[in-house]
Participant: 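Dumping the structure here so I can ask a few things about it.
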Amino acid sequence: MLPLSIQVPASIVLLAGGAMACFAGYRLFRLVLGVYGFILGALLASSMVGASGTWTIVLAAVGGGALGALVLVAGYFVGVALIGAGLGALAVNLAWKPFGGEPHWAVVLVVAAVGAIAAMSFQRYVIILATAFGGAWTMLVGAAALMSGPGARQASAGSDVWVVYPSYTGPNAMWVYVAWVAIALTGTYVQLHTAGGKTKARARKR
């Protein structure tokens, strides 16, 4: 995990960024890309430096985060395609779980490519679904980190590298996923209605 002194601020960033993505991801998509680019870049950079000193990890996270944000914001359409590819890869892995093991890389590659093409064809709906579900999960990750006690946070900080796990297998896992889907569907509903309202208003003016 990140050094203990900055885990709480990082968790607040995850919670706030997840809420923004979940409920306003389509309207603020470029900003959402920047936030998630920063988070992904920070995670990658802090993992690469390993168990180093606090300031080394912080500087690596900030530098990697800034680079990640710049790449995703500059590559708007690349970001949309990456979302589709990521959703496709995630769907394959989730569908493969009942059969055990890992899906073949070729299957993941093909489905990711189909997801990228679909995302470019149906940008609005893909962006809304991706930001709603991704934002809801990010909110849960941030909330879980904030609600964990100081002792648990200190124990998790022993490796000095922050790891955000993409799935949850702890106690009450089913309720975590139920909460995720419920929050994501609420975010989808809010985004569809707020984005749709602006589109209808423009159509009436014309």
Side-chain angles (χ1 to χ4, degrees), residues 14 17-45 47 64-65 67-142 163-169 173-174 176-196 199:
L14 284 176
M20 178 184 67
C22 185
F23 298 105
Y26 182 72
R27 289 183 296 156
L28 304 175
F29 186 57
R30 288 186 184 275
L31 181 58
V32 169
L33 280 179
V35 172
Y36 275 80
F38 186 89
I39 292 172
L40 291 173
L43 286 173
L44 181 60
S47 298
L67 181 60
L70 180 63
V71 168
L72 282 192
V73 171
Y76 175 88
F77 291 105
V78 175
V80 175
L82 285 175
I83 286 176
L87 287 176
L90 177 63
V92 170
N93 280 279
L94 291 177
W96 214 273
K97 275 194 172 184
F99 305 101
E102 298 287 335
H104 194 276
W105 66 266
V107 176
V108 177
L109 185 63
V110 169
V111 177
V114 172
I117 295 171
M120 296 302 293
S121 302
F122 304 98
Q123 285 187 40
R124 177 174 181 265
Y125 298 104
V126 169
I127 289 172
I128 288 174
L129 285 173
T131 54
F133 278 84
W137 189 255
T138 307
M139 287 174 64
L140 289 175
V141 171
V163 179
V164 175
Y165 295 98
S167 61
Y168 180 80
T169 56
M174 184 186 74
V176 172
Y177 286 108
V178 169
W180 174 42
V181 172
I183 296 171
L185 290 178
T186 303
T188 301
Y189 178 84
V190 170
Q191 288 198 58
L192 283 172
H193 281 69
T194 54
T199 305

Participant: Do Phe133 and Leu87 touch side chain to side chain, with heavy atoms closer than 4.5 Å?
Facilitator: no

Participant: List the atom of Cys22, the atom of Ala132, and the distance in Å for their closest heavy-atom pair.
Facilitator: SG-O, 3.5 Å

Participant: To check you understand the geometry: which heavy-atom pair defines the closest contact between Thr186 and Ala182, and what is its length?
Facilitator: OG1-O, 2.8 Å

Participant: Got a sec, which residues hit side chain to side chain contact (heavy atoms under 4.5 Å, CB included) with Ala116, two or more places apart in sequence or on another chain?
Facilitator: Ala81, Ala85

Participant: Are the side chain of Gln191 and the backbone N or O of Ala21 linked by a donor-acceptor pair below 3.5 Å?
Facilitator: yes

Participant: Just so I know, are the side chains of Leu192 and Arg124 near enough to count as touching, which here means a heavy-atom distance under 4.5 Å?
Facilitator: yes

Participant: I need the full list of side chain to side chain donor-acceptor pair (under 3.5 Å) pairs touching residues 86-95, with sequence neighbours left out, sorted by first then second residue.
Facilitator: none

Participant: Any idea which heavy atoms bring Ile183 and Phe23 closest together, and the distance?
Facilitator: CG2-CZ, 4.4 Å

Participant: Once you round to the nearest 0.5 Å, how far does CG of Leu28 lie from CE of Met20?
Facilitator: 6.5 Å

Participant: If every non-hydrogen atom of Gly135 is compared with every non-hydrogen atom of Tyr36, which pair is closest and at what distance?
Facilitator: CA-OH, 3.3 Å

Participant: How close do Ala119 and Gly84 get, counting heavy atoms only, and between which atoms?
Facilitator: CB-CA, 3.6 Å

Participant: To the nearest 0.5 Å, tell me how far Thr194 OG1 sits from Ile128 CD1.
Facilitator: 7.5 Å

Participant: Quick one: CZ on Phe38 to CG on Leu33, what's the gap to the nearest 0.5 Å?
Facilitator: 15.0 Å

Participant: With rounding to the nearest 0.5 Å, note down the distance linking CZ in Phe122 to CD1 in Ile127.
Facilitator: 13.5 Å

Participant: Which pair of heavy atoms, one from Tyr26 and one from Thr131, lies closest together, and at what distance?
Facilitator: N-OG1, 4.2 Å

Participant: Where does the angle between the aromatic ring planes of Trp137 and Tyr177 fall among parallel (under 30°), tilted (30 to 60°) and perpendicular (over 60°)?
Facilitator: parallel

